[in-house]
Every structure is written in structure tokens, then in C-alpha cells.
Amino acid sequence: MRYDVIIAGGSYAGMSAGLQLARARRNVLVIDAGQRRNRFAASSHGFLGQDGRAPGDIVEEARRQLLAYPTVEWVSSTAIAASQEAGGFAVETVDGQRYSAQCLLLACGVIDELPDVEGLTQRWGKSVFHCPYCHGYELEQGPIGVLATSPMSLHHALMLPDWGPTTFFTRGVFEPDAEQLESLARRGVVVVPERVERLEGERADVVLADGRVVAIDGLFVLPRIQVAGSLAASLGCALEDGPFGAFIQADPMTRETSVRGVFACGDAAMPFGSVALAVGDGVRAGSGVHRSLIFGAH
């Protein structure tokens, strides 16, 4: 069967886009392996109507609603290659299956590249976070840490005192100048330049190179990101440099990439990400793909 659209990635953005297309009675295939970005978090916040729910529960309910539309099919697999063919695109999955569609939507998400600090990976999504709006409130104004990964971490450190007393661990990665130190002092941020050895304890206590331990309820980091998978690269989609890494360049309104007939949405196509932003971006992408099916020439 040849589909109208193949959506590579069935997390928040991909399903949101699929819903728009399903309601337009288009034949949609979603290919997804269940590796959504926030799978490590116990709860999701900041998404109106779903605040505090487990991310997995949100996804399962969304999938149930999407698959209630008869023109939608779901394949639990990973899309590993894509190419142009006459009148559209072909997508190959890791298990050797091949599917064709007139349009292709990349909602593949990103991979977070975490700092190499002992104990950090195990706490990612539990007591180590990247988004204050998603997780800051639940720290109940307890002690907060910011682990510098780049000069952008200064912005993080200046924001977080609204959620609790903040310590900025610059660890030689970033050295604030006099003006920046003054701004941090005005916000009550404590600057600790020593190297961070590891995280320990039930939350995210920071052990410094000199042996001191700074008690922290939640630690925030800004990881580098990379677009997940190889589909964008194999199709030749242009990338755009963001503050944390490259993302797929897409039209602000239609979400079409530099390759005609290929669209992108969600974290893979934005410099910043959250569940709410991904869902909204999926709406734009789904309607953009639908308009392309009607008015575009592929």
C-alpha cells in the first residue's frame, strides 16, 4: 500500500501531526520505536490539561485516540533509511520492511548528550533536568544547582532563583566576567568554580574536587542535542545551528524542509523543546502536509 504520509516518530509531535491528517481522512503510517525523549521522567508538567500526568500515560491515551481513526496505521519499529522515488518517498525500517508515501514527516526527536559527570545519567529526568518550567515547581523551593555546560548556562543560572536558592557550578567550563558576576549576585546565585567530581545521594548532591558536598534537591543542565536517526541526513535536509546543537531547518508556517515533500516537527526541528511546544508544532506540520497534498506537486 502507498500512503499519503509516513510519519517517522510517534511521540507528541508526530501523533499531533497525525491527528490533523487523520481528521482530513488521509492514509497515514506512523513508524515509532517508543524512544521518546522524556521517557526517563516520572511526570510531565506545563502542558495544559495534562499537568502532572505520567508521560507514558499521555502517550498511550494519545495513541489510542489516534488509532481510533481508520486511516491510520502504526508500525512499532525504527525507520533507518529514506529516499526519494517516483511520486514520493520510500522508508526502510530496521527489520527490513519498506514503505512508500507521497509525503514524509520527520518527527524523530533528538538525543541529549549529557555531561560526563559520574552519577548524572542515572538521575536524568529524576533529579537532573533541563527545563525549569517542566520540573522547577516540584522542587518546592529547595536548593537548586546549575551545572555549566556552555556560556548559555548563565541564562539558566539567572532564571532558576525563581524556583529556589541557586548554586552555579561553573567547573571551568564557563568563567563569568565582572558584569555577569554582578548579575548573578543580584539574583542571589552562589558561584562555585571548583571541578565537580560526581553526584551522590537520594537527590543530586554535588561532590566537589576538594571533597565538599553541596546538598541539592534538583540539578539543571543544558545538554547538547543531535537529531535522532539518519533520515534527515540521508535525504539531504538542511540543518540549522541552534544554541545547543543543529536541528532540521523547516518553514515556520508549513514545516516543510529544504527537500520538497519532506516536513519536520517537534524537538528535531526546533532549538528548544517541551511537550506543549511539540504538540503545537505537530498541528502546524500536519496541516502543512495536508495543504501540500492538495496544492503541492511531488
Side-chain angles (χ1 to χ4, degrees), residues 1-79 91 93 97 99-110 125 131 133-135 228-229 231 248 250 253-256 262-270 272-294:
M1 175 180 177
R2 182 181 174 85
Y3 298 90
D4 292 320
V5 186
I6 292 174
I7 301 176
S11 189
Y12 306 99
M15 285 195 285
S16 178
L19 184 60
Q20 315 312 308
L21 290 156
R23 292 188 56 78
R25 300 185 181 275
R26 292 292 180 164
N27 293 312
V28 178
L29 174 66
V30 181
I31 302 174
D32 180 72
Q35 296 297 298
R36 53 185 168 76
R37 187 182 187 185
N38 70 347
R39 63 191 181 277
F40 304 104
S43 58
S44 175
H45 296 277
F47 181 19
L48 188 64
Q50 301 288 345
D51 192 53
R53 289 192 70 189
D57 291 346
I58 299 173
V59 166
E60 283 307 309
E61 175 65 14
R63 182 181 177 188
R64 184 192 66 78
Q65 293 180 9
L66 179 61
L67 291 178
Y69 288 86
T71 60
V72 179
E73 295 182 28
W74 190 287
V75 170
S76 296
S77 188
T78 301
V91 175
T93 59
Q97 299 300 306
Y99 305 93
S100 296
Q102 188 173 339
C103 288
L104 177 60
L105 175 57
L106 305 180
C108 46
V110 296
C131 174
Y133 297 103
C134 301
H135 301 287
L231 298 191
I248 303 171
M253 294 302 296
T254 67
R255 309 311 280 151
E256 190 167 26
V262 179
F263 297 74
C265 64
D267 289 358
M270 298 188 294
F272 307 98
S274 74
V275 173
L277 288 172
V279 170
D281 203 38
V283 172
R284 285 193 297 175
S287 58
V289 172
H290 182 231
R291 291 193 297 271
S292 177
L293 289 167
I294 299 170

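As a basis for the values below, the full set of heavy atoms in this structure was taken, side chains included, without hydrogen atoms, waters or symmetry mates.
Taking every heavy atom of both residues into account, R2 and A101 meet most closely at NH2-O, 3.6 Å. Here the closest non-hydrogen pair linking L231 and A8 is CD1-CB, 3.6 Å. Scanning all heavy atoms of the two residues, the minimum distance from A17 to I7 falls at C-CD1, 4.4 Å. A13 approaches G266 most closely through the heavy-atom pair CB-CA, 3.5 Å. Nearest heavy atom pair, residue V91 against residue A79, reads CG1-CB, 3.7 Å. When all heavy atoms of E61 and R64 are compared, the closest pair comes out as OE2-NH2, 2.7 Å.
Rounded to the nearest 0.5 Å, atoms CG (D267) and CD1 (I248) are 11.0 Å apart. Rounding to the nearest 0.5 Å places CD of E256 at 7.5 Å from SG of C103. One finds the CG atom of L21 at 7.5 Å from the CG atom of L105 (value rounded to the nearest 0.5 Å). Taking CD1 of I58 as the reference point, atom OG of S44 lies at 4.0 Å (rounded to 0.5 Å). Summarising the geometry, atom CD1 belonging to I6 is positioned 6.5 Å from atom OG belonging to S100; distances are rounded to the nearest 0.5 Å. The line from CE of M15 to CZ of R36 is 9.0 Å long, rounded to the nearest 0.5 Å.
Listed for the R284 side chain is no donor-acceptor partner under 3.5 Å among the backbone atoms of D281. Remark: side-chain polar atoms of R63 are not paired, donor with acceptor, to backbone N or O of W74 under 3.5 angstrom. Within the 3.5 Å criterion, the main-chain N or O of V283 finds a donor-acceptor partner in the side chain of S287.
Partners of A276 by side chain to side chain contact (heavy atoms under 4.5 Å, CB included), not counting sequence neighbours, listed by chain and number: F47, S274. Scored by the side chain to side chain donor-acceptor pair (under 3.5 Å) test, S43 finds H45 as partners (sequence neighbours excluded).
Annotation: side chain to side chain donor-acceptor pair (under 3.5 Å) contacts involving residues 15-32, sequence neighbours excluded, comprise R23-Y69.
Heavy atoms of other residues, nucleotides or ligands lying less than 6.0 angstrom from CG of L48 number 12 at most.
Side-chain contact check for L293 versus V5: some heavy-atom pair is nearer than 4.5 Å. Within the 4.5 Å cutoff, the side chain of P55 has heavy atoms near those of the Y12 side chain.
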